[in-house]
Amino acid sequence: MLNTNLVVPVVLWGPNTPTHCVSSVFLSRDQKILATGCYDGQICLWQVDPDTLQMTPRCLLVGHTAPVLCLTRASIIQDNNFLVSSSENGEMCTWDLVDGKCTESIKMPQVHTNIQAYHMANCDDIRLFCNGYYAEIMVMDPFSLEVLFCLSSKVNPDWISALHVLRPSKRKDDVVLAITTTGTVKVWTLLGNENKYSEPIYENESKQIRCLNAITMNCCSQNQRTVLIVCAKYWQIYDAGDFTVLCSVISPAGERWMGGDFLSNDRVILWSDEGKGYLFRLPANSIPDNKDFHGPSVGKDSPFLYCILSQTGEKPLSCPPTMKLVTSNRSGKTQKYLLRGDSEGYVNIWAVPDISMEQIKHIQAQKQHPASLESTICTSLLEAWNKMNPLPVGILDQLYQNSEPLIKLTASIYLPQQSRLVVGREDGSIIIVPATQTVMLHLLHGNHQQFSDWPPHQILNGHSGRVNCLLCPSLAHSRYDKSHLVSGGVDFAVCLWDLYSGSLIHRFCVHAGEITQLLVPPPTCSPRILKCICSVASDHSVTLLSLQERKCVTLASRHLFPVISIKWRPLDDFLIVGCSDGTVYVWQMETGHLDRVLHGILAEEVLNACDENSGETGSSTGSTSEMGLANPAVHFFRGLRHRNINAIRHATQRGIHQLQQLHAHNNQHGDFLMKNRSSPLIIQGLRTNPKDAESHILFFDIEGLIFELHAEEYAAMSPNTLEAEGLLIPTGTDTHASDAGKKISGILAKMKEGAENVQTKVQAKLESVVKNVGETGKGKLGNGCGVYVSVSVCVFVFK
């Protein structure tokens with residue numbers, strides 16, 4: 001069902017800075033926006049001053065669930081601020097950098113490690129050339145994220161480790177140059193008429209070289225005759241004509257090369273896993289303009305290191321930083337910048353110096369040490385956070401005095417029916433506060449802050465360590481008691497609480513590790529399991545705890561690796577447990593018996609079968625379909641393959657039956673949504689790294705708020721209320737009451753007249769919009785077509 005409501009998010013970050021371990025960087029060509037992707041899946045947008053390069057964090061884009069590996073532009077137009085991102089699990093998103101909205105997102109089976117944005121000869125806009133953990137080169141549209149065509153390999157097919165797309169001088173076709181992980185260089189020529197329906201596009205040329213696991217490959221844009229290939233232990237310059245090695249440099253002691261690029265036809269820049277940039281001048285045999293090009297290296301004529309870009313006083317990093325060379329054109333001036341983001345969340349920018357040839361020769365003649373250059377700008381989220389005065393407010397800041405230390409918030413759950421927020425903390429306490437009053441305290445300033453009749457907060461003490469997760473079972477299904485709250489902590493315990501009295505009902509001590517997750521079984525389980533909740537712990541165990549019997553019904557504790565997914569087959573009485581090593585354990589819920597252990601492809605098929613039968617695909621708490629069997633389409637094709645007429649007939653009948661049930665379910669679901677409006681306020685916890693304190697997002701449903709305000713206004717204007725206030729005119733009243741009644745009548749008449757005018761204007765505007773849309777769509781709009789407004793916000797603004 002389409003959600004046409006306008007939802008405005010407001011974030012209460014709290015005083016603690018979120019971690020931001022940078023995994024990828026991007027700088028727009030106008031130097032106004034810097035984007036940093038991190039290992040937790042977020043993308044931070046920084047507002048950059050083009051003149052001073054001072055950066056201010058502006059938005060945090062939350063959409064990926066894995067490390068962001070690639071960031072690249074989406075359009076050739078400089079003012080078209082769109083960004084494409086790709087993550088380690090195949091997710092791709094296109095973002096609008098102006099408002100932070102995600103305009104398109106997909107999840108692919110292929111994982112991209114590098115994306116080059118390139119403007120092809122016969123295209124209006126750029127195309128994305130992607131390579132990664134697969135044997136093809138995928139060419140995609142940046143806005144629809146559709147695969148337009150693929151470049152395949154005929155000779156020595158293998159994963160493509162690096163590629164470069166260029167257009168040779170005095171030619172209209174494009175050339176794709178790539179190298180596989182085993183060192184095979186391949187060349188494709190693109191004519192511009194390629195599409196996904198054409199024949200497979202194979203390479204035109206192929207040659208094996210001694211270069212394994214290349215990281216980057218770049219052609220010199222000034223001459224297109226030399227190619228730079230960077231590996232972890234060395235970098236080499238090749239002649240693009242026959243791919244012979246012209247020169248080679250080994251990485252510094254204790255460092256590994258991470259990438260490189262050309263600065264000019266005779267200079268290159270390399271960067272290492274220590275976060276340093278090295279500037280080299282190429283020897284004469286590697287410069288096409290030199291008469292000794294492609295000749296033998298004479299004497300000591302080798303690449304000369306003349307400058308190092310580094311940052312002093314750095315502490316060791318937990319993982320290698322990400323670095324990238326970008327070229328900016330402003331006011332007709334070209335400037336190259338080296339970007340770096342590290343595991344501590346720091347962002348460094350070096351303006352690459354243009355050292356003259358005389359200075360380089362002087363350094364070389366005097367045998368001086370290479371010049372060292374500090375970064376032009378260095379900043380981080382922590383510095384930006386500390387500059388704010390006052391610090392960003394947290395959801396429970398009203399509970400602390402000025403001298404009290406803040407206790408980190410670790411879990412939260414919002415109860416919309418009771419308008420209460422339950423927050424777990426690092427010291428093991430659970431705080432219950434009235435949500436609406438708490439939001440008013442932090443977002444509004446007025447006399448309400450002096451109210452003494454607000455309900456006080458509750459404190460639940462039962463855990464001896466950090467509270468990891470909270471669950472209110474009645475929010476998932478009405479079969480549970482509305483007064484029950486379940487919490488799991490680092491003390492290996494699962495606690496059952498009474499929400500109203502704040503008392504501890506029962507303490508389950510079954511696990512031998514901290515509790516990491518609490519789930520609710522689907523509603524089609526057996527009656528005994530329906531009264532249980534499922535808990536997952538760090539000791540790789542899974543339990544079914546009965547809230548009615550106050551005991552453990554099932555203990556599944558033979559898993560050798562951490563549990564990452566829980567699936568359900570309730571009609572078969574199966575609990576499916578997926579582990580991080582790919583193993584799947586099938587448990588009987590009623591008896592606690594381990595039915596089977598599955599590995600490899602069979603394990604994946606079982607998990608996929610659970611998703612096919614789940615009411616909410618991929619959800620560990622989703623309800624399971626009534627059929628309890630695999631997708632009828634699967635059985636249909638199996639019947640075709642084995643020529644089994646009975647299987648085909650049976651699968652067809654089941655498919656029709658499921659469609660009928662789905663239609664009925666959708667109708668019921670729509671009626672339920674119409675009868676039960678969502679709460680005008682929803683509070684969602686936000687924490688992407690276990691080390692972070694939990695922040696909170698307040699989702700304000702504008703339509704729901706207007707609905708509630710109108711309901712209160714109409715209630716105030718009811719006859720009984722107006723009579724009590726002397727605003728209605730009973731028979732035989734005095735002149736004063738008559739005057740009050742006239743005033744009220746006049747106000748109501750003006751309100752009605754204003755509402756009619758607004759309705760007329762809105763109706764006229766809608767008719768014009770429908771007419772314009774109909775003309776644009778060339779008559780494709782059918783009868784009953786409505787106009788709706790849909791706004792989805794994926795941007796969290798720093799206040």
Side-chain angles (χ1 to χ4, degrees), residues 21 23-26 37-41 43 63-72 84-94 105-118 127-142 145-165 176-186 188 196 200-203 206 208-209 211-218 229-233 256-259 273 319-320 322-324 564-565 578 580-582 599-601 603-605 607-608:
C21 182
S23 59
S24 55
V25 291
F26 167 83
C38 76
Y39 282 95
D40 295 325
I43 300 173
H64 290 286
T65 59
V68 180
L69 299 182
C70 305
L71 294 173
T72 186
V84 176
S85 60
S86 176
S87 68
E88 200 175 55
N89 60 353
E91 298 168 340
M92 292 189 69
C93 297
T94 301
S105 64
I106 61 170
K107 185 169 183 179
M108 306 181 65
Q110 298 87 356
V111 177
H112 309 313
T113 57
N114 176 61
I115 300 177
Q116 180 181 347
Y118 180 77
R127 296 290 179 257
L128 304 179
F129 286 77
C130 312
N131 69 280
Y133 303 143
Y134 47 91
E136 297 85 16
I137 297 176
M138 306 181 70
V139 183
M140 305 180 64
D141 183 274
L145 298 180
E146 177 188 8
V147 179
L148 303 177
F149 59 91
C150 293
L151 306 180
S152 305
S153 298
K154 182 180 294 184
V155 180
N156 297 331
D158 206 339
W159 288 0
I160 303 295
S161 60
L163 65 84
H164 185 82
V165 191
V176 180
L177 189 65
I179 183 171
T180 65
T181 56
T182 54
T184 303
V185 178
K186 299 175 180 294
W188 288 265
K196 59 183 177 181
I201 305 172
Y202 294 113
E203 69 271 28
S206 178
Q208 183 72 31
I209 63 174
C211 182
L212 301 179
N213 298 316
I215 300 174
T216 60
M217 167 186 279
N218 288 288
I229 298 181
V230 182
C231 298
K233 296 183 179 180
R256 298 167 66 89
W257 296 124
M258 297 292 294
D273 58 354
C319 63
T322 179
M323 304 182 73
K324 187 177 184 180
I564 60 174
S565 62
S580 60
D581 66 333
H599 305 271
I601 298 178
E604 295 180 3
E605 290 181 351
L607 291 178
N608 292 334

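Computed from a predicted model, the values in this text were never measured in an experiment.
Taking every heavy atom of both residues into account, C231 and W257 meet most closely at O-CB, 3.2 Å. The nearest pair of heavy atoms linking A162 to M217 is CB-N, 3.7 Å. Scanning both residues, T184 and S206, for their nearest heavy atoms gives CG2-OG, 3.2 Å. The nearest pair of heavy atoms linking G582 to A603 is O-CB, 3.5 Å. Shown here for P142 and V84, the closest heavy-atom pair between the two residues is O-CG2, 3.6 Å. Across all their heavy atoms, H64 and S85 have their closest contact at NE2-OG, 2.6 Å.
Counting heavy atoms from C-beta on, the side chains of I160 and L151 never come closer than 4.5 Å. No side-chain heavy atom of E136 sits less than 4.5 Å from a side-chain heavy atom of Q110. No side-chain heavy atom of F26 sits less than 4.5 Å from a side-chain heavy atom of I43. No side-chain heavy atom of T72 sits less than 4.5 Å from a side-chain heavy atom of Q116. You'll find the side chain of E203 reaches within 4.5 Å of the side chain of S153, heavy atoms only. Residues M92 and I115 have side chains in contact (heavy-atom distance under 4.5 Å, counting atoms from C-beta outward). Contact of the M140 side chain with the I106 side chain is registered, since non-hydrogen atoms from C-beta on lie closer than 4.5 Å.
Taking the six-membered ring where tryptophan is involved, the planes of H112 and Y134 are perpendicular, since the angle between them exceeds 60° and thus also 30°.
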Output, in order, the C-alpha distance, side-chain angles, deciding distance and verdict of side-chain contact (heavy atoms from CB on, under 4.5 Å) for V139 and V176.
-> CA-CA 11 Å; V139 183; V176 180; over 6 Å; no
Chi angles and distances behind the side-chain contact (heavy atoms from CB on, under 4.5 Å) call for S86, L69 = CA-CA 6 Å; S86 176; L69 299 182; 5.7 Å; no
Would S161 and T181 count as a side-chain contact (heavy atoms from CB on, under 4.5 Å) if you check the C-alpha gap in whole Å, the side-chain angles of each, and the deciding distance to 0.1 Å?
-> CA-CA 5 Å; S161 60; T181 56; 3.8 Å; yes
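Atoms OG1 and CD1, on T113 and I215 in that order, are 10.5 Å from each other to the nearest 0.5 Å. The OG1 atom of T216 sits 11.0 Å away from the CG atom of L163 when rounded to the nearest 0.5 Å. Atom CG in N114 sits 8.5 Å away from atom SG in C130 (nearest 0.5 Å). Once rounded to the nearest 0.5 Å, the distance linking CH2 of W159 with CG of N213 reads 10.5 Å. Separation of atoms NZ (K186) and OH (Y202) is listed at 11.5 Å; rounding is to 0.5 Å. Here the CE-CG distance, from M138 to L128, works out to 11.0 Å after rounding to the nearest 0.5 Å.
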